[in-house]
There are 2 protein chains.
Amino acid sequence: MQKINWTQAAPGVWKATVGSPGGLTPLTCLNRKPRTEAMKELPEGNWPLSEEEIELRILTAGGSLLSLPLDPGEELYGTGLQFMRMNQRGRTRYLRVNSDPKQDTGETHAPVPFLVSGRGYGILVDSARAVTFYCGSALRQQEDAAAQARDRNMDRGWKATPVSDRLEIRLPQEGADVYLFAGPGMQDAVRRYNLFCGGGTLPPRWGLGFWHRVPTLYKDSEVEAEAREFRARDIPCDVIGLEPGWHSASYPVTYEWDAVRFPDPAGFVGRMKRSGFQVNLWEHPYLSPESALYDCMRKLSGSYSVWGGLAPDYTLEEARKLYSDQHDREHVSLGVSGYKLDECDGSELTRNSWMFPAHAEFPSGHDGEQMRQLYGLLLQDMTDRLYRGKNRRTYGLVRASNAGASNLPYVLYSDLYDHRQFVRALCNASFCGLLWTPEVRRADSAEDWVRRMQTVCFSPLAMLNAWGDGVKPWSYPEAEAIVKHYIRLRMRLLPYLYTVFAEYEMKGTPPFQAMPLVLAAEKPKKGDPTGAGLHASTEGESPNGFNTTEGAYGKQTEREWDDQFCIGRDLLVAPMFAGETGRDVLLPDGVWYEAETGVRHEGGRIVHVNCPLERLPLFIREGAVIPMMPALDHVPAGDTMIPIEMIHFGSVPGEGLLYDDDGETFDYEKSGDGWRKVSVTQTADGRFAGTAANGGPERRYSITGWRFAQTRLPLE
Amino acid sequence: MQKINWTQAAPGVWKATVGSPGGLTPLTCLNRKPRTEAMKELPEGNWPLSEEEIELRILTAGGSLLSLPLDPGEELYGTGLQFMRMNQRGRTRYLRVNSDPKQDTGETHAPVPFLVSGRGYGILVDSARAVTFYCGSALRQQEDAAAQARDRNMDRGWKATPVSDRLEIRLPQEGADVYLFAGPGMQDAVRRYNLFCGGGTLPPRWGLGFWHRVPTLYKDSEVEAEAREFRARDIPCDVIGLEPGWHSASYPVTYEWDAVRFPDPAGFVGRMKRSGFQVNLWEHPYLSPESALYDCMRKLSGSYSVWGGLAPDYTLEEARKLYSDQHDREHVSLGVSGYKLDECDGSELTRNSWMFPAHAEFPSGHDGEQMRQLYGLLLQDMTDRLYRGKNRRTYGLVRASNAGASNLPYVLYSDLYDHRQFVRALCNASFCGLLWTPEVRRADSAEDWVRRMQTVCFSPLAMLNAWGDGVKPWSYPEAEAIVKHYIRLRMRLLPYLYTVFAEYEMKGTPPFQAMPLVLAAEKPKKGDPTGAGLHASTEGESPNGFNTTEGAYGKQTEREWDDQFCIGRDLLVAPMFAGETGRDVLLPDGVWYEAETGVRHEGGRIVHVNCPLERLPLFIREGAVIPMMPALDHVPAGDTMIPIEMIHFGSVPGEGLLYDDDGETFDYEKSGDGWRKVSVTQTADGRFAGTAANGGPERRYSITGWRFAQTRLPLE
């Protein structure tokens, strides 16, 4: 057993260095300043475990093993963008980046070596290597093995996954920095983690509008025609995304506009901006020999290529500068609003084996495994700094991430396309400082497509991605009205969304929250954050129940409530999936109203709601004060004022927050904030009155009215 | 660049030691004696590559990289039991054992670090670690990157997987022994590999009969009743397999008979044998606390358990002895014929995370990664030696294997259940000294089930596995007659199958052969063993062709002929899959007859055959002399003679072999062989005559007749 030296790294955060990690890690490559002041405002966080309970062993197999105690009912959330389950307890998580994460191994686009425990603490391994977390899945022989043995022949209680009482983390050969984040609650630990990584991210206001990506080979006139069609149909849209075809060559890419499809980039981007459309550009990291950057980037690149293109070493200042200057000159200075950073998520497991190997060597001395684990972070960081340097906020998409990403203005996406997995990923992202969009492409049926569109309109990035199949909001005529309604509803709720993101940026509070985080915030320190009795594991089946064509170990049938989530404190979204006409919803304590029907529900229990295709189960908390704006066709730029209506819910007084700033720059960092405390009081004779305290300068909102004691959202 | 010292290890085999591997490896743990004499009879094999062409580099990332040149068209086969593709060229193969290999990463039940090249040589990395083969998938930046770049926007020739001109193998940190196997043809290299590993395996004759596994909780009387049902319905059956329920406790297991379901094991096994049924027992390696072996095995086991059971360290002689003595005393000495060795194939990627971790420590000093990679081999080896010690042959099933397994009397199987993947696995097994059974369980339809039963009757182990769903050959009444016909046909062809396996055992010739091996045997040294023009890659698609719900990189649509195979020299099997009424078949040069219709086909090309459900496309080579026995209900034991009819095909003279011995012991190793050269000559007046040269002693066959110039198999 080795001694571990813990030192305080920030309020409620402790650090220990095991071995001599050195070199590149997620936190060192991002190098964001912890939000120490904001961390001090979190509830007092004590040392979450006694030092003796945490063990460190050097392994004969190489590397070392960090081991922490687990309570019997203790749940473990996190490890990044997991698609298959929410509670990782009992599972081995192999945290390697993987562009095609179809199996429940832990590998994913964003494998984050961060776990938050139902006991109320978080643990991060800051390493550029693939770390393995044994979340109570490694059953030690001496300690607890025999007691776990059960007879599958006759014992219906047999489980495919026996559960151990230790969390074991295999650290890389060279060691790693380990961080512990205090609670007291799970949400406190997550907020502490986000603030330690520099806080959350506040998108430009337009980033929270509707996004549409056009077919890959569209030329400028086709793009502009499709943009006009949105206006003609009165369907809000703020961002149009271009796919690989805007490059003069792609796979690998040039980062240069195609002279035939986009003869006048500046003119095109300018015309788009003037009609209220931001332009987002797709790219990946692999540089084509056709690119003017190729020759100077060659000596700054890895020893292996991807699709014949260079894999630049973006840990080198010189490479970063070449990339940034070119992007500034040819995109950003033209007005391009941001990027979609694709295919930075390869590994040995990559489908079609297109990625550079783990043994690739980079000029900085880093190897392929490290570069693959961090490539997504490096690209996000470079582009983020490029925009920060111009005091412009960006908001974009990325397919790979890792630890420390909360401060980066990027949203994850995937080539996978299972609707339930997409919602689960949205939930899991909230444990690790990640954002996720369940982007919509085409669908098997109008019903499936509508259900996906309803979900995406209540996600961090509401996008229809037509790059490959050209689907548009009006592609399914029978569904156009429903989809239009939800895109407009998103616009109306934009002030609420923007406030929720401001709380992420400044207070570290995840804007979208999985149910365990929501419930833990109400019941801190509870071992079982979803509340006793709200779920029961029925994993494993009687022998007669085995399905020999689907696997011999029974299946995980635990109800995880991984198909619903909250946006901020007051909005609960319970997506519907094709084939359903109703569903169960777990409502937290308090009173909740179905936002579109006004039906009142007592919370703290599971309710069943029926929802025809034209309706999504959306709940608002009693006492909430929701700021809404009109369903404008896009977010107005510059100094244009936006009229805001304050909607108060239910029959009790309430309060809320409204955050406002210029929506485009980082001036809010200097000029203090634009927070307004909003409160609704009730007079003796039962009448309600609302007040909004004054906030900072650069205000874009003017409150034009109040509605009290509402039970449903005003839709127009 | 490091110097490599190659030394000759056997005729046509060269060995180089990189680093200081030491410790446990597949070959050292099996320790089989190379069949040097037989190797000398192979065609002269020269040094396949010039020494300078093979490079070795120490990697900054740790370990070293072995690199060999690849011709542009060079195909690479092997790397073990692959389910997704046959030609591994262009793919990265991560050779870690995996119990649930659903993705095309290289991981599988039997990851064998052996490749055979279309250029006509084989290469083996003898290591207990997970080795990664970059089969021309790692594109070096300096050498060949730029030339490979293409524009996916407009170039329809763009490929998702660019192809490099080097085979790169990342060796483990500590190094490894590397072996090169000379050709001249691919088949020669594979035979050399098999012979170097001790030769192939010759099952007991009964092992090639029909197998049936009964539901897991059956008690003795139910097993015997089901066995009698086979006889009553005149459906041949030689082996009945018992599933976990025979253990007094399972998952983990006791290896002890359940006193309620099997009160009199000796009596039960004896009665089964007397009615012509061998008994096969399911087990896995994890020892239950309920077992009498538990206490003494505890100190000999790994530091982590599986399902609460011990994971014994079977590299220790003491542990091997405990296991073997108990199995001898309680199973083998009772007449049990062999085992089904389940779940020895876990890793970090194991579904439900039930396996011990890579960092597990074993008393021998080996770690969990090594033990997991070799567990399957260790169990096969222990049980094989147990039976050899009694001069009895066994034949069984195993779910994990590795290099050097050709001499082990075991057949691989999986929980996967895709029919096409099952046939592909059968083909791929032939490149690496493996055997595979596409075992049949239940099916979605009678049609699907019949097609699977037809396939399994022409596989190394013809088994219906009813452990979980109780399906029987008569479960689909509309299909019973068809299935009965094919089970009986397998019995009739048993002498041919047995001869083919004898050639495997003594000459190293794979009994079942993928088409590239068959064609390479005819065209040695050909770069493209399937013959120019017989397939063309259409991987990648035009942008408009992308399917955004199925993946963005286009799909591999190359025709690999991985859905047909040969048994020995003269039988070609082209399985049918549910939904098909006909299929294309690639016939090698020569003339071929459809075995059941007599239709004549010119070979050396692709033919289309229509096949109603009651027929499987089965072809016999002109000139073949096929020994057949009656469709007995089981293989007779002891001295009972078996009448053999010799069937000659086509209108030209021919010759073949007939191998015969006692079918049960290893006496053939001492007493020389029971080979008979069979020839059919034609007299001036066109009449045919057949002769069978005398073979060794212990003969069980009596040739009772000849049929000449046949075009179809006599079915009764």
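Nothing here was measured: the structure is a model prediction, and the numbers come from that model.
Summarising the geometry of B:Asp151 relative to A:Ala249, their closest heavy-atom pair is OD1-CA, 3.5 Å, with the distance given to 0.1 Å. Considering all non-hydrogen atoms of both residues, B:Arg261 and A:Asn153 come closest at NH2-ND2, 3.4 Å. The two residues A:Ala160 and B:Trp354 make their nearest non-hydrogen contact at O-CB, 3.7 Å. In terms of heavy atoms, B:Pro289 sits closest to A:Ala149 at CD-CB, 3.5 Å. A:Leu217 approaches B:Met154 most closely through the heavy-atom pair CD2-SD, 4.1 Å.
With chain A as partner, the option from B:Thr350, B:Thr105, B:Val253 having the largest number of non-hydrogen pairs under 4.5 angstrom is B:Thr105.
Contacts of B:Glu168 with chain A are made by side-chain atoms alone, with heavy-atom separations under 4.5 Å and no backbone atom involved. If you measure heavy-atom distances from B:Asp258 to chain A, you find no contacts under 4.5 Å at all. With a 4.5 angstrom heavy-atom cutoff, B:Thr254 does not touch chain A via any of its atoms. When heavy atoms are compared at a cutoff of 4.5 Å, B:Ala358 approaches chain A by way of both its backbone and its side chain. Heavy-atom distances place the side chain of A:Tyr134, and not its backbone, under 4.5 Å from chain B. Neither the backbone nor the side chain of B:Glu243 comes within less than 4.5 Å of any heavy atom in chain A. Looking at B:Leu65, only its side chain comes within 4.5 Å of chain A, counting heavy atoms on both sides. With a 4.5 Å cut-off on non-hydrogen atoms, A:Glu107 touches chain B through its side chain but not through its backbone. With a 4.5 angstrom heavy-atom cutoff, B:Ser288 does not touch chain A via any of its atoms. Neither the backbone nor the side chain of B:Arg129 comes within contact range of chain A; no heavy atoms are under 4.5 Å apart. Residue contact with chain A, scored on non-hydrogen atoms closer than 4.5 Å, involves the side chain of B:Tyr94 exclusively.
With values rounded to the nearest 0.5 angstrom, B:Gln148 atom CD is found 7.5 Å from A:Ser305 atom OG. Interatomic distance, CG of A:Leu139 versus OG of B:Ser303, reported as 11.0 Å (0.5 Å rounding).
Looking only at side-chain heavy atoms (C-beta outward), A:Thr132 and B:His359 stay at 4.5 Å or farther from each other. Residues B:Gln103 and A:Gln103 have side chains in contact (heavy-atom distance under 4.5 Å, counting atoms from C-beta outward).
For the residue pair B:Asp367/A:Thr60, the side-chain donor-acceptor check at 3.5 Å is not satisfied.
Put simply, the side chain of B:Trp307 never gets that close to the backbone of A:Arg150: no donor and acceptor are under 3.5 Å apart. The backbone N or O of B:Gln142 sits less than 3.5 Å from a side-chain atom of A:Arg298, completing a donor-acceptor pair. Using a distance-only test at 3.5 Å, with no hydrogens or angles considered, no donor-acceptor pair links the side chain of A:Thr161 to the main chain of B:Ser353. Proximity of a side-chain donor or acceptor of A:Asp104 to a complementary backbone N or O of B:Arg351 within less than 3.5 Å is not detected. Of the possible polar contacts, none joining the B:Gln141 side chain to the A:Ala311 backbone as a donor-acceptor pair under 3.5 Å is found. Checked by atom type and distance alone, the side chain of B:Thr92 never pairs as donor or acceptor with a backbone atom of A:Glu348 at under 3.5 Å.
A salt bridge links B:Arg57 and A:Glu361; the closest N-O separation between the charged side-chain nitrogens and carboxylate oxygens is under 4.0 Å.
The side-chain tip of B:Arg166 does not point at the ring of A:Tyr304 from less than 6.0 angstrom away and within 45° of straight on.
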